[in-house]
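Reminder, nothing fancy here: chain letters follow the sequence lines and each chain counts from 1.
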Amino acid sequence: MIEFLGDWKRTGYCGDLTAADIGSSVTLMGWAHRRRDHGGLIFIDLRDREGLAQIVFDPEVSKETHGKAEDVRSEFVLAVKGKVIPRPEGTVNPNLKTGAVEIVVSECKILNPSKTLPFTLDEYVDVAENLRLKYRYLDLRRPQLQESIILRSRVAQTTRKYLSDNGFLEIETPFLTKSTPEGARDFLVPSRINKGQFYALPQSPQIFKQILMISGYDRYFQVVRCFRDEDLRADRQPEFTQIDCEMSFIDRDDIIKMMEGLMATIFREAKGVEIELPVPRMTYQEAIRRFGVDNPDLRFGLELVELTDVVKGSGFKVFADVAASGGIIKGLNAKKCATFSRKEIDDLTEFVKIYGAKGLAYVKIENGEWHSPIAKFFTADEIAAMNKAYGAEEGDLLLFVADKPKVVNDSLGKLRNLLAKNLGLLDKNNFVFVWITDFPLLEWDEDEKRWAAVHHPFTAPMDEDVDYVESDPGRCRAKAYDLVLNGNEIGGGSIRIHQEVIQSLMFKMLGHSEEDKREKFGFLLDALEYGTPPHGGIAFGLDRLVMLLTGSDSIRDVIAFPKTQKGTCLMSEAPSTVDDKQLRELGIKTLAK
RNA sequence: GGGGUAGUAGCUCAGUCGGUUAGAGUGCUGGCCUGUCACGCCAGAGGUCGCGGGUUCGAGCCCCGUCUGCCCCGCCA
């Protein structure tokens, strides 16, 4: 039997009840989370978005109401009227926020039944993710996911308030926009009215926010969806959300200071954590040298050690040859890991091979000596010098990689993170920020035989490097900065080029012909000539930020309706084929598969 | 495009060396139970071992292919 709401009005959330409500009459509505039927008394945990409350059906209070409770199953939707009472002595549940009280139900309506669920909503079983994604509406009922989604809302609201309070205007930019070269692959949207032409979904509102600066809006922000048609990862979805900001008449330090304040406010309001300001800064060059990556996790040490000079003249041919051919030798000291088995070291070796390393040399420090297949190639002086560089102590495991700089830094940088994880050095409740600055402006793309922007083509070179953009592109540094939290890049930005001459030069360096750049970026180049203020900005990845705030392992766990690694939605079954009629209207033919 | 990993009851998993009737817990259904809270007790139902092919007297298990989820490389200014 299905009953109607009628004139019943909810008086509050189940999860908000406290001892202060004792004695009051309440009307609650929610889902039957669990039912405990004693034949006489029936207990049901009624659940809504704020939590659980125990409601009690006593045949002596109402035989009819008790009879209804006998029919209730998991996830039935109920409305109940009753009185809040303290729980009898000895039956208080300290594990429940509302555990001091319960509701004696006098009237009950079964608003809707539910089929038996495909999986249980309790926290004791890890359900396969494909099932969770297919039945996302059920998964979203689970308290853990619910808490993450609610926290995400709080972060977004805190962001809007902070930025509004600091004079930023929230301005929307188009989703149907123009495809541009550079950067990620675009998602395309066919134009029905202009057959054969396409809009692109924005990879970010980059050009539009710069144009808003040119238009004089001075401070802009948006919590905005961005789209990139690239392969997925645990921290990458094809559509994701940025906190996008831009400011005029400022320099790098102004932005950094403003945005540190935003982060501190978010962590205070959403998490109750105080972030110490200012956030430390580190140059890109230092990050690569000490950690091998531009997003170092500073919650732990295990820093990389430079050994090239020590071993380049050694009798170990592998190292000497690498050094002679422009490669480098670096290592890291896995403290107290000399106990690692052959298998464990083999696993580490396989791991570094993923990043192109040919091998992983190792030394165990046992009984004050080197135990290693490579020990025999080194003189006592060389060993002493390496011990000093590593800070080697009894029981340590020294690891070495020799190769091109990129391979060495990549593999050791990732190995450092793996070791920290395996050694239990990662505390999810410890939040360590760092700004990475002074990125290179351009890097040589070996595949395409051209220079490519490290950040994006609108990023300004450092003032002192401007004169070398054309003559020595590799030495130029950019006015770019990333914010890194626990080894994750959670934001990045730059001071932009605001002079047409320099912007044109940049496009030239990136190999765009005059014609090409007019077609692709003409409107920006035009706009730059009508009085562009110095400006710059930043964008934060809201999904990654919330992932870290909630201790989640994937941004899928902080997005209400995420996609699988193949870019599908298991709930809606997108993407899908469409009717021929739709294709005809768009002037599109699909190729046979 | 590539590497790795998983797929057995609704769910979470076990399944020995290739061997007879594929198991457990939980959920579900029915019965009992007035202070439980992952309630308890009793009984019952429940299987395309992802899919296709092969080897074999015999395949959940071995081989080949394929699909799907997840992790990673490439890719992601």
Side-chain angles (χ1 to χ4, degrees), chain A residues 33-46 52-61 66 70 73-74 85 87-96 98-99 102 104 115-135 138 180-186 203-204 206-207 226-238 240 347 350-357 407 410-411 414 417-418 439-443 445 447 451-459 478 480 489 492-494 506 510 539 541 553-554 556 563-566 568 570:
Chain A
H33 190 64
R34 259 193 288 271
R35 190 179 69 118
R36 294 174 292 279
D37 184 347
H38 287 246
L41 286 179
I42 295 173
F43 301 95
I44 292 176
D45 292 332
L46 194 66
L52 300 175
Q54 174 165 281
I55 59 177
V56 187
F57 296 81
D58 186 337
E60 288 170 21
V61 172
H66 180 268
E70 286 184 325
R73 295 292 180 270
S74 284
I85 61 164
R87 291 203 188 182
E89 184 96 31
T91 65
V92 168
N93 184 349
N95 300 321
L96 215 55
T98 61
E102 63 191 17
V104 185
K115 287 174 39 173
T116 299
L117 265 47
F119 55 87
T120 151
L121 299 189
D122 66 35
E123 68 268 41
Y124 304 99
V125 178
D126 283 328
V127 180
E129 193 162 3
N130 55 345
L131 258 190
R132 293 175 49 202
L133 290 171
K134 178 174 178 186
Y135 297 97
L138 300 179
T180 54
E182 299 288 318
R185 190 177 296 112
D186 286 321
Q203 298 171 28
S204 81
Q206 184 61 36
I207 295 176
C226 300
F227 306 87
R228 294 178 190 176
D229 189 6
E230 297 291 348
D231 287 356
L232 288 79
R233 289 283 190 282
D235 62 351
R236 276 165 33 189
Q237 285 271 306
F240 61 99
D347 286 347
E350 286 308 306
F351 179 80
V352 296
K353 284 182 179 171
I354 294 171
Y355 303 94
V407 169
D410 275 0
S411 55
K414 297 296 171 87
N417 290 335
L418 178 74
F439 282 83
L441 182 69
L442 295 158
E443 68 185 347
D445 184 330
D447 292 337
W451 290 93
V454 169
H455 188 55
H456 59 51
F458 317 111
T459 297
E489 182 203 323
S494 63
M506 270 298 281
L510 297 172
D553 293 323
S554 162
R556 290 188 303 279
K563 304 228 170 359
T564 67
Q565 195 161 45
K566 286 198 72 186
T568 67
L570 296 180

With [X] via salt bridge (Lys or Arg N to Asp or Glu O under 4.0 Å) - residues at least two apart:
X	answer
A:Asp58	none
A:Arg236	none
A:Glu230	A:Arg185
A:Asp553	A:Lys428

For nucleotides [N] and [M], find the distance between their [atom1] atoms and express it as a whole number of Å.
N	M	atom1	value
B:G30	B:U36	P	25 Å
B:G7	B:C13	P	9 Å
B:U56	B:U12	C1'	34 Å
B:C75	B:C49	C1'	37 Å
B:C73	B:G10	C1'	37 Å

Return the set of residues passing ring-ring contact (aromatic ring centres under 6.0 Å, His included) with A:Phe439 (not counting sequence neighbours), or none when no residue passes. A:Tyr284

Residues forming a side-chain contact (heavy atoms from CB on, under 4.5 Å) with [X], sequence neighbours excluded:
X	result
A:Arg87	A:Gln54, A:Thr91, A:Val92, A:Asn93, A:Leu96, A:Glu102
A:Glu489	A:Asp482, A:Arg544
A:Asp186	A:Ser179, A:Leu188, A:Ala200, A:Gln203
A:Ser204	A:Gln206, A:Cys226, A:Arg228, A:Gln242

Assign a letter to each nucleotide of nucleotides 34-42 of chain B from its 5' end: B, base within under 4.0 Å of a protein heavy atom; S, sugar-phosphate only; -, no contact. BBBBBB---

Does B:U56 pair with anything, Watson-Crick or G-U wobble, both distances under 3.5 Å, and if so, with which nucleotide? none

Quick test: give all pairs of protein nitrogen or oxygen and nucleotides 6-9 of chain B nitrogen or oxygen below 3.5 Å, distance rounded to 0.1 Å.
none

Nucleotide nearest A:Arg228 (side chain, heavy atoms from C-beta), chosen from B:C76, B:C72, B:C28: B:C76

Of the listed nucleotides (B:C72, B:C11, B:G30), which one gets closest to any side-chain atom of A:Val127? B:C11

In whole angstrom, give the distance that lies between atom NZ of A:Lys115 and atom P of B:C28. 15 Å

In whole Å, what is the span from the CZ atom of A:Arg233 to the C1' atom of B:G3? 12 Å

When we call it a touch if two heavy atoms are under 4.0 Å apart, what does A:Pro118 touch: a base, just sugar-phosphate, or nothing? sugar-phosphate

Please list, pair by pair, any protein nitrogen or oxygen found under 3.5 Å from a nitrogen or oxygen in nucleotides 50-52 of chain B.
none

Counting only heavy atoms not in A:Lys134, do more than 12 fall under 6.0 Å of its NZ? no

